[in-house]
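Each remark here refers to the structure printed beneath this line.
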Amino acid sequence: MEARYDPARIEAKWQRYWLEQGLFAVQERADRPNYYVLEMFPYPSGRIHMGHVRNYTIGDVIARYKRMQGYNVLHPMGWDAFGMPAENAALAHNIHPAQWTMDNINYMRQQLQSLGYSYDWSRELATCDPQYYRWEQLIFIEMYRRGLAYKKLSAVNWCEQCQTVLANEQVEGGCCWRCHQPVTLREFNQWFFKITDYVEELLAYCDQLPHWPERVLTMQKNWIGKSEGAEIYFPLEEGTECIAVFTTRQDTLYGATFMSLAPEHPLALRLAQGNPQAEAVQEFVERWKQQNRSRGVLEELTKEGVFTGRYCLNPVTGWRMPIYVANFVLMEYGTGAVMAVPAHDQRDFEFAQKYQLPVVVVIQPPEQNLSAETLSAAYEADGTLVNSGPFNGLTGPEARPAIVQYLEKEGKGRPSLHYRLRDWGISRQRYWGAPIPIIYCGRCGMQTVPEADLPVVLPLDAKIPPTGGSPLAQIDTFVNTTCPVCGGPARREVDTMDTFVESSWYFLRYTCPAYREGPLDAAKVNYWLPVDQYIGGIEHAVMHLLYARFYTKVLRDLGLIQIDEPFTRLLTQGMVLKDGAKMSKSKGNVVDPNELIEEFGADTTRLFCLFAAPPERDLEWSEQGVAGSFRFLHRVWTLVYELHAQLAGVRPYSGSGTELAPGLRDLRRQVHRTIHKVTVDIESRFHFNTAIAAMMELVNELYLARDRQDMNFEAGPQAAPVWREAIDNLLLMLSPMVPHFAEELWHVLGHSTSLLLADWPSAQPEAQAAATRLVVIQINGKLRSKIEVPVTTGEDEMCQLALEDPRIKELIQGQKPKKVVVARKKLVNIVI
RNA sequence: GCGAGAGUGGCGGAAUUUGGCAGACGCGCUGGACUUAGGAUCCAGAGGGCAACCGUGGGGGUUCGAGUCCCCCCUCUCGCACCA
């Protein structure tokens, strides 16, 4: 054994050994409980960064720990390999996206392997592989058949100069990132998934995911944005038509004094026709169409509107309500029309002031008396209804259902639900993505690609046009095909799918990556799913995690799987920071994992990631902290180095401990208390930082014990087995975190099988028990003394001993205590 | 504005689950040992204050006892945001 810990010498050796022995490959088996731990797969951007290292280290510790606990553990890894950066790289470096992606995957795989992660590499998959996306195309076809995939007109960011569609992140301050010309909205016919069909289930199950962070569930609920209210019909003054509005505040209906329509509302232009206002309305609507609608700009926009010249009638008061077109009414939400209640909605209030529209107070707050004349801002909270006919005197919560009921009875409205969530637009006018398996025939219309013709392979001979535009549309050999129905000439769909589609089911495919009969092998996917523990960044709280939940439900309804939810437990790990900021190239504060591995080794890198903060918190990177983690490992190494000759061939102590000398019993107690603490910390909440701290404490105690004659090898014939037990257990506990290090020392001590096959140690309760107990003595709640008493001491006796303690006696000076409190046999508080 | 999370030494963080020794563990710091040397290793020290005492963002409360429970306020981070 070497005296010095040299990670470079041992890490590659054990990585090879694990791989050669096939220790991470798993099969379904009935004799063990199974456990599926999954980390979010990376986009192959070129290199692993510290965020990956942290994420994957957390997952690896869980995987290795669960294996030692006797679980059959699935721990796979793959590549989210489609996406725009590949196209950008293609333009910048004149390399094909496929080549660039494969090069990156090969490099990053080797990086992951150099960190010692226990992946079952035989299950590796890349989403750009036709053998992966062919099943995605098949699922698309199934969804299409059930109406879950459909086409509709939808607006996208469009750059006139580049003739291309831009993703939101390619729009910088309303301009194209490349040519800096203003971006406009342009409507295209695009593909959507009908996630809204599942909105109620997605929402309801938020309350059945007890092991997800509250934060993530709240974000998903907000994103879904369910509002309960009423749809109310306002008849036009002339004619028989009605304007439908959606409101959650039907209790303010008697205060609705005018109507606001979105500029895109179909009635907006029609109502104004033939009125003197027609021209103004036309102009207003036109101006709105040109309006830059990027965020920020919209926030600053002042509330404006224009009168259409027409009126509708408030269905309960009969008042004539002028109809306006207003720039703050969203066509996408509700019905695109809003009943305006200026007294109780701030936007309507501002609008009413600007255009001198009437204000009627219909809600009175508890201890105030509002009047329309003196109102300086809308009162939006609940209160008691006034000026509201039969509903006067009711509170908001009482009035809302009552009014809906009344409107429904009168045929003037009905209960209504609205959601913020809209259908998932999956069309991308991009090259590097999975082709959508649709064919357009001039005679037969839109047709799905026959199953036998799948996959629709993405042609690799494409050129990415530097001006943008969809590359697939320019490849005649791809576009031109024959109609599967009539055999006549037809054209292929040239849009590709959003990459979130691939990541919505990859975790299912890991269970059967080579399966050729269909997307999923039922026996395998049913054996492994759901994922027991999913780990990834908080940035995926909404999109990826919601889409994956939706897709799981769709696949369930297609009969491919049997679960309702994909991920039982979710851990969202914090960011890795340096100097208080997220690591980024532009800030120049990036730490390269390769350099760390070279200087300190993979184990130290892993250890620091686990030790510096609990997983859900942000982690502040520290050069010196890394050195400290290395120092700890070196301390353990040195200890084993000094002892290994004496421990050779010794079997670990396995008795009850009762016959041991007190010093050795103390040593064992420390070991078993550490096992208990480490196990609880990992098991209950993955707090590896405190688990590591406990092991550091144990190592500190072992160093002290080494120099004590009643604890070291001079303490008697039982000393060697007790020390052997201590060291073996320490290595077992360290092994999930620093696997190469632990494996090396494990073999140095004479074990001939891998630590991976060893069981996680169990703490003996009797070994943890001590003969005495420390009792804290307080006077009036302040710490004044401490005494050591035998564990058998009763509470009365504790009080007695406390009052007799010399220091306590001195402080109370014969005063009679008013009260003495004994808490949990740990503390005595004397009240004077 | 709405929602969620968080405020503890010079720093990262413990204790928050059952209210019971605040500052575990590590970094940095100080001193010592070994050494030609130390950015290696080992040992020791340390919240502040001379002290009584004071100390977990601030203020109140409950309690024998509060970082922990309750009320009010402040700050920071993240998410959503003209959602009717």
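Each chain gets a letter, A, B and so on, in the order the sequences are listed, and its residues count up from 1. These numbers come from the heavy atoms of this one structure, side chains and all, not from hydrogens, waters or symmetry mates. What you are looking at is a predicted structure, and each value in this text was computed from that prediction instead of being measured.
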Using a 4.0 Å heavy-atom cut-off, does A:Ala823 contact any base of the nucleic acid, only the sugar-phosphate backbone, or nothing at all?
base
Among residues 629-642 of chain A, which residues get a heavy atom nearer than 4.0 Å to RNA chain B?
A:Arg631, A:Arg635
Using a 3.5 Å cut-off on both pairing distances, which stems of three or more Watson-Crick or G-U pairs include RNA chain B?
B:1-7 with B:74-80, B:10-12 with B:25-27, B:29-33 with B:41-45, B:57-61 with B:69-73
Does NZ or CZ of A:Arg420 come closer than 6.0 Å to the centre of the six-membered ring of A:Trp223, within 45° of the ring's axis?
yes
Check every strand shown and say whether A:Val338 touches a base, only sugar-phosphate, or nothing at a heavy-atom separation below 4.0 Å.
base
Need one value for A:Asn829: base, sugar-phosphate or nothing, where a base atom within 4.0 Å counts as base even if backbone is also close, heavy atoms only.
base
Starting the side chain at C-beta, find the nucleotide from B:A84, B:G12, B:C27 nearest to A:Phe611.
B:G12
Nearest to the side chain of A:Lys819 - B:C64, B:A22, B:G20?
B:C64
Applying a 4.0 Å non-hydrogen cut-off, can you work out what A:Asn700 is touching in the nucleic acid: base, sugar-phosphate, or nothing?
sugar-phosphate
Identify whether any heavy atom of A:Lys221 sits under 4.0 Å from a base atom; if not, whether one sits that close to sugar-phosphate; answer base, sugar-phosphate or nothing.
nothing
Would you mind classifying the nucleic acid contact of A:Pro213 as base, sugar-phosphate or nothing, using non-hydrogen atoms under 4.0 angstrom?
nothing
Rounding to an integer number of angstrom, what distance separates B:C29 and B:C78 when you compare their C1' atoms?
35 Å
Between A:Thr604 and A:Pro7, is any pair of side-chain heavy atoms under 4.5 Å apart?
no
Base, sugar-phosphate alone, or nothing: which one does A:Glu697 contact when heavy atoms must sit under 4.0 Å apart?
sugar-phosphate
For a quick check of understanding: with a heavy-atom distance under 4.0 Å over all strands, which category does A:Arg420 fall into, base, sugar-phosphate or nothing?
base
If every non-hydrogen atom of A:Ala337 is compared with every non-hydrogen atom of A:Ile243, which pair is closest and at what distance?
CB-CG2, 3.7 Å
List in chain and number order the residues that pass salt bridge (charged side-chain N to carboxylate O under 4.0 Å, His left out) with A:Arg784, two or more places apart in sequence or in another chain; answer none if no residue qualifies.
none
Could you measure between the two C1' atoms, the one in B:U30 and the one in B:C74, and give it in whole Å?
37 Å
What is the nucleic acid contact for A:Val341, judged by heavy atoms within less than 4.0 Å: base, sugar-phosphate only, or nothing?
nothing
Just call it for A:Gly628: base, sugar-phosphate, or nothing, with non-hydrogen atoms closer than 4.0 Å on any strand.
sugar-phosphate
Could you work out, with ring-ring contact (aromatic ring centres under 6.0 Å, His included) as the rule, every residue matching A:Phe608, not counting sequence neighbours?
A:Trp621
May I ask you to check whether A:Tyr641 and A:Arg4 show a side-chain donor-acceptor distance below 3.5 Å?
no
Residues in ring-ring contact (aromatic ring centres under 6.0 Å, His included) with A:Tyr703, at least two apart?
none
Ring center gap for A:Tyr5 and A:Phe630 short of 6.0 angstrom
yes
If you measure from the C1' atom in B:G38 to the same atom in B:A33, how many Å do you get, rounded?
14 Å
How far does the P atom of B:C43 sit from the matching atom of B:G49, given to the nearest Å?
28 Å
Establish, yes or no, whether a centroid distance under 6.0 Å links the rings of A:Phe258 and A:Tyr355.
no
Scan A:Ile692 against the nucleic acid and name what it touches under 4.0 Å (heavy atoms): base, sugar-phosphate only, or nothing.
nothing
May I ask you to say what A:Arg685 touches in the nucleic acid, namely base, sugar-phosphate or nothing, with a heavy-atom cut-off under 4.0 Å?
base
Can you list every salt bridge (Lys or Arg N to Asp or Glu O under 4.0 Å) pair that touches residues 677-700 of chain A, not counting sequence neighbours?
A:Lys66-A:Glu683, A:Lys677-A:Asp681
A:Lys818 (side chain) and B:C64 (base): donor-acceptor pair under 3.5 Å
no
